[in-house]
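This report concerns only the one structure given below.
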Protein chains: 2
Amino acid sequence: MSLDAGDTHRSKPRARRGGVRRDPTAATISRVADAAGVSRATVSRVMNGSTTVAPELAARVRAAAEALNYEPSLLARSLALGRTSTVSLIVPDLANPMFQDILRGLSTAAGAHGHRLMVAESNENAEAEQILAVEARRRSDGLVLASSRIPEPQLRALHERLAPLVLLNREIPGTAVPSLSVDYHAGIRAIVAHLLGYGHRRLVYLAGPPASTSNTDRLVTLRAEAAGSPGFDLTELDCGSTFETGHAAARAVLATGATAVVAFNDMVAFGALSGLHELGVSVPGQVSITGFDDIPFARYTTPPLTTASIPKNELGGQAWERLWALMSGASPGYDARFQPRLLVRDTTGPAPA
Amino acid sequence: MSLDAGDTHRSKPRARRGGVRRDPTAATISRVADAAGVSRATVSRVMNGSTTVAPELAARVRAAAEALNYEPSLLARSLALGRTSTVSLIVPDLANPMFQDILRGLSTAAGAHGHRLMVAESNENAEAEQILAVEARRRSDGLVLASSRIPEPQLRALHERLAPLVLLNREIPGTAVPSLSVDYHAGIRAIVAHLLGYGHRRLVYLAGPPASTSNTDRLVTLRAEAAGSPGFDLTELDCGSTFETGHAAARAVLATGATAVVAFNDMVAFGALSGLHELGVSVPGQVSITGFDDIPFARYTTPPLTTASIPKNELGGQAWERLWALMSGASPGYDARFQPRLLVRDTTGPAPA
DNA sequence: GTGAAAGCGCTAACAG
DNA sequence: CTGTTAGCGCTTTCAC
């Protein structure tokens with residue numbers, strides 16, 4: 001086999017223009033074709049397992065490919081095919097176990113279908129998220145936006161450019177963009193009922209990121225509940241979504257005189273738990289605490305955290321299903337709103353007399 | 001502007017061959033060129049901010065691009081340029097906070113340099129990891145392998161195909177592949193010294209994944225320490241790397257009669273802590289426990305976990321530095337071995353009399 | 001069954 | 001400064 005031969009398929013190999021200087025020994029489909037003494041089309045057919053190639057030729061091609069250590073360029077293939085077999089995920093915060101689980105679920109599901117996952121973190125920044133979303137989408141065949149912080153108008157303006165798109169914990173009313181979410185309203189109602197049942201009347205809510213719609217959901221329901229229950233007193237404290245912010249809020253929590261704290265999520269709950277601990281406050285003796293999400297560590301804290309469990313992994317997996325359907329031109333199915341499950345563990349107890 | 005005009009740059013727009021049927025209205029560089037009445041080269045120049053374009057022309061191009069909602073195809077661009085501005089990361093287990101932190105560090109650093117991150121999980125499977133590594137590398141400009149489970153011979157055979165490659169917690173002696181790692185030997189020695197200082201003589205090691213070289217490192221040092229210290233008794237228990245496995249090991253730990261358990265990592269330590277708790281064993285009263293990694297939750301357990309802290313985020317960031325250097329043809333700098341810092345918290349105490 | 005050629009959408013060397 | 005052209009590496013239609 002003449003491995004030294006130039007590309008016999010190019011018409012006039014005169015001056016080198018355009019493109020970029022590549023490694024001239026790199027194995028390309030042309031070199032393999034030359035080496036095997038066939039056309040590039042045939043190599044392509046063999047590499048893609050077409051059966052319409054004479055066994056003898058196919059063998060020769062395979063041998064040449066082997067000898068040259070040839071591997072088709074996925075990039076060129078993507079360009080010709082018009083698809084990348086890659087999907088993207090954008091999350092506000094990679095440090096949040098909630099998003100880590102979504103990432104994992106999506107990665108696993110996509111991987112099972114031969115797709116790769118591209119990830120980007122917006123750092124809770126709506127501007128950055130828009131840029132990232134557009135770019136990520138263009139590098140892949142589909143996009144999943146988890147708990148997007150992009151304001152409704154912008155998101156609405158953007159969604160067509162981002163399609164195929166699947167939204168997690170977010171929706172764009174009036175559009176066909178598939179959305180998978182958690183019913184935070186129901187979760188909060190369950191938590192409140194649980195707390196009221198224990199005799200608590202003064203609650204404090206440790207609020208999450210303002211741009212988070214799931215925070216808004218919680219807030220809305222909390223206020224509605226407060227308005228609807230006589231003697232139910234609600235205080236709102238801006239907090240955040242991390243341990244640190246929860247921890248830092250401990251003193252403020254105490255100052256409200258509340259007997260129960262409803263934390264934005266489990267991490268905040270942990271932080272508060274830890275902070276109160278350090279302040280010598282007994283949980284749930286003096287103060288009860290609830291979280292949200294049921295992240296892996298929630299059951300291992302001391303005491304184990306009462307929280308509302310949500311199907312994090314499932315969210316990622318289902319997101320893939322929806323996205324896949326969209327990418328194959330199928331119907332993505334109905335939107336789903338997962339119902340949180342209240343897990344009563346040991347950070348909640350009767351209100352102190 | 002004639003938005004309807006076909007591509008005037010193609011010689012004989014006769015029959016449609018090759019490629020794939022695309023949306024004929026899709027904005028491409030050619031359509032923009034036509035609309036603006038310039039050549040594609042000029043459009044390319046404008047889009048890439050070349051200053052050598054007449055302001056008037058540039059304006060026309062920008063207007064046309066705007067009108068057509070044009071965005072250059074990153075795919076085509078990558079093919080022409082020979083680079084993707086994307087790097088890949090492969091980890092054994094996305095559920096492990098250690099790898100989540102590495103992912104985050106890498107993502108942030110790469111993002112700051114305008115690069116995207118592709119992620120894949122090998123599920124602790126060496127075979128799968130090899131496939132993933134090769135494919136991921138071909139889709140991007142560089143690869144980071146975190147705690148690779150690929151056996152040395154295969155990894156050695158593979159590393160050239162994977163370059164630019166950076167290894168985390170792993171190395172290939174005799175090659176120039178940059179490696180960033182943690183000195184598990186030193187970490188374990190510190191832990192053992194701490195435990196011996198407290199009077200412990202019977203230790204049990206909850207071993208991690210067998211394919212993990214960092215597990216081997218720990219084991220080697222542990223055995224050496226045991227061999228070197230009179231009266232030091234070491235038991236090894238196969239465990240794993242998760243909560244669940246640590247939790248499940250509690251009973252076995254008790255059966256060994258050890259007064260201190262050295263867990264593979266923090267998650268295992270948590271599991272064991274929790275399991276022992278349920279068995280009514282007091283920590284550190286009856287049994288001391290140490291972890292490794294100092295994952296975010298380690299300081300929030302009850303009691304807070306004594307562990308060896310490692311710069312997880314830093315690993316991701318430094319990995320980027322090395323990779324970036326490699327990709328730009330620069331020297332990646334010297335390998336580094338980070339020294340763990342022993343964090344004595346409250347799961348360790350004097351051995352019971 | 002197989003090859004020639006057109007095409008995916010962009011970049012860059014070259015010539016004016 | 002701008003257009004022409006060759007090229008990145010692969011796929012697929014069409015014709016033999």
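Hydrogens, waters and symmetry mates are skipped; everything else that's a heavy atom, side chains included, is used. Below, read A as the first sequence line, B as the second, and so on, with proteins coming before strands; counting in each chain starts at 1.
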Taking atom types as modelled and ignoring hydrogens, do the side chains of A/Q100 and A/R104 form a donor-acceptor contact shorter than 3.5 angstrom?
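There is no such pair (donor and acceptor under 3.5 Å, judged by atom type) between the side chains of A/Q100 and A/R104.
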
Indicate, yes or no, whether a donor-acceptor pair under 3.5 Å links the base of D/dG3 to the side chain of B/R45.
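Checked by distance alone, the answer is yes.
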
A/H159: ring-ring contact (aromatic ring centres under 6.0 Å, His included) partners, not counting sequence neighbours
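Per chain and number, A/H159 pairs via ring-ring contact (aromatic ring centres under 6.0 Å, His included) with no residue.
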
Sequence neighbours left out, what passes side chain to side chain contact (heavy atoms under 4.5 Å, CB included) with A/P55? Give chain and number order.
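In terms of side chain to side chain contact (heavy atoms under 4.5 Å, CB included), with neighbours along the sequence ignored, A/P55 is linked to no residue.
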
Quick one: side chains of residues 64-75 of chain B, donor-acceptor pairs under 3.5 Å with protein atoms, not counting sequence neighbours, listed by atom name and distance.
unit_1	atom_1	unit_2	atom_2	d
B/E71	OE1	A/R138	NE	3.4
B/E71	OE1	A/R138	NH1	3.3
B/E71	OE1	A/R161	NH2	3.4
B/E71	OE2	A/R161	NE	2.9
B/E71	OE2	A/R161	NH2	2.6
B/S73	OG	B/L75	N	3.3
B/S73	OG	B/A76	N	3.0

Strictly below 4.0 Å: does [X] bring a side-chain N or O up to OP1 or OP2 of [N]?
{"X": "A/S73", "N": "D/dC10", "value": "no"}
{"X": "B/R77", "N": "C/dT11", "value": "yes"}
{"X": "A/S44", "N": "D/dC10", "value": "no"}

So what is the end-to-end bend of the helix from C/dG1-D/dC16 to C/dG16-D/dC1, with 5 pairs used at each end and the value given to 10 degrees?
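So the angle between the two local helix axes works out to 40°.
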
Where the side chain of [X] is concerned, which of [options] is the nearest nucleotide?
{"X": "A/T52", "options": "C/dC10, C/dT2, D/dC10", "result": "C/dT2"}
{"X": "B/A76", "options": "C/dG9, D/dT11, D/dT12", "result": "C/dG9"}
{"X": "B/S39", "options": "D/dG9, D/dT4, D/dC10", "result": "D/dT4"}
{"X": "B/I29", "options": "D/dC10, C/dG9, C/dA4", "result": "C/dG9"}

Between [atom2] of [N] and [atom1] of [X], the distance in whole Å:
{"X": "A/L57", "N": "C/dT2", "atom1": "CG", "atom2": "C1'", "value": "8 Å"}
{"X": "B/L79", "N": "D/dA6", "atom1": "CG", "atom2": "C1'", "value": "14 Å"}
{"X": "B/L81", "N": "C/dG9", "atom1": "CG", "atom2": "P", "value": "17 Å"}
{"X": "A/N48", "N": "C/dG1", "atom1": "CG", "atom2": "P", "value": "17 Å"}
{"X": "A/R83", "N": "C/dG9", "atom1": "CZ", "atom2": "P", "value": "15 Å"}
{"X": "B/R31", "N": "C/dG9", "atom1": "CZ", "atom2": "P", "value": "10 Å"}
{"X": "B/R40", "N": "D/dT2", "atom1": "CZ", "atom2": "C1'", "value": "14 Å"}
{"X": "A/D34", "N": "D/dG9", "atom1": "CG", "atom2": "C1'", "value": "13 Å"}

Checking all strands, does B/L75 fall into the base, sugar-phosphate, or nothing category for heavy-atom contacts under 4.0 angstrom?
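Nothing, no nucleic acid heavy atom in range.
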
Heavy atoms under 4.0 Å, any strand shown: does A/A54 hit a base, just sugar-phosphate, or nothing?
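Answer is sugar-phosphate: A/A54 comes under 4.0 Å of backbone atoms only.
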
CZ on B/R139 to OG1 on B/T86, rounded to 0.5 Å:
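Taking OG1 in B/T86 and CZ in B/R139, the distance rounds to 10.5 Å.
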
Once salt bridge (charged side-chain N to carboxylate O under 4.0 Å, His left out) is applied, do any residues pair with A/R45, and if so which ones, sequence neighbours excluded?
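A/R45 satisfies salt bridge (charged side-chain N to carboxylate O under 4.0 Å, His left out) with no other residue.
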
Listed once per pair and sorted, the side-chain hydrogen bond (donor to acceptor under 3.5 Å, both in side chains) pairs that draw on residues 165-180 of chain B, sequence neighbours left out
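Counting only pairs at least two positions apart or across chains, the side-chain hydrogen bond (donor to acceptor under 3.5 Å, both in side chains) contacts touching residues 165-180 of chain B are B/N169-B/Y184, B/E171-B/R337.
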
Can you give me the closest heavy-atom contact between A/P178 and A/D335, atom names plus distance?
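Heavy atoms only, the tightest pair is CA-OD1, 3.5 Å.
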
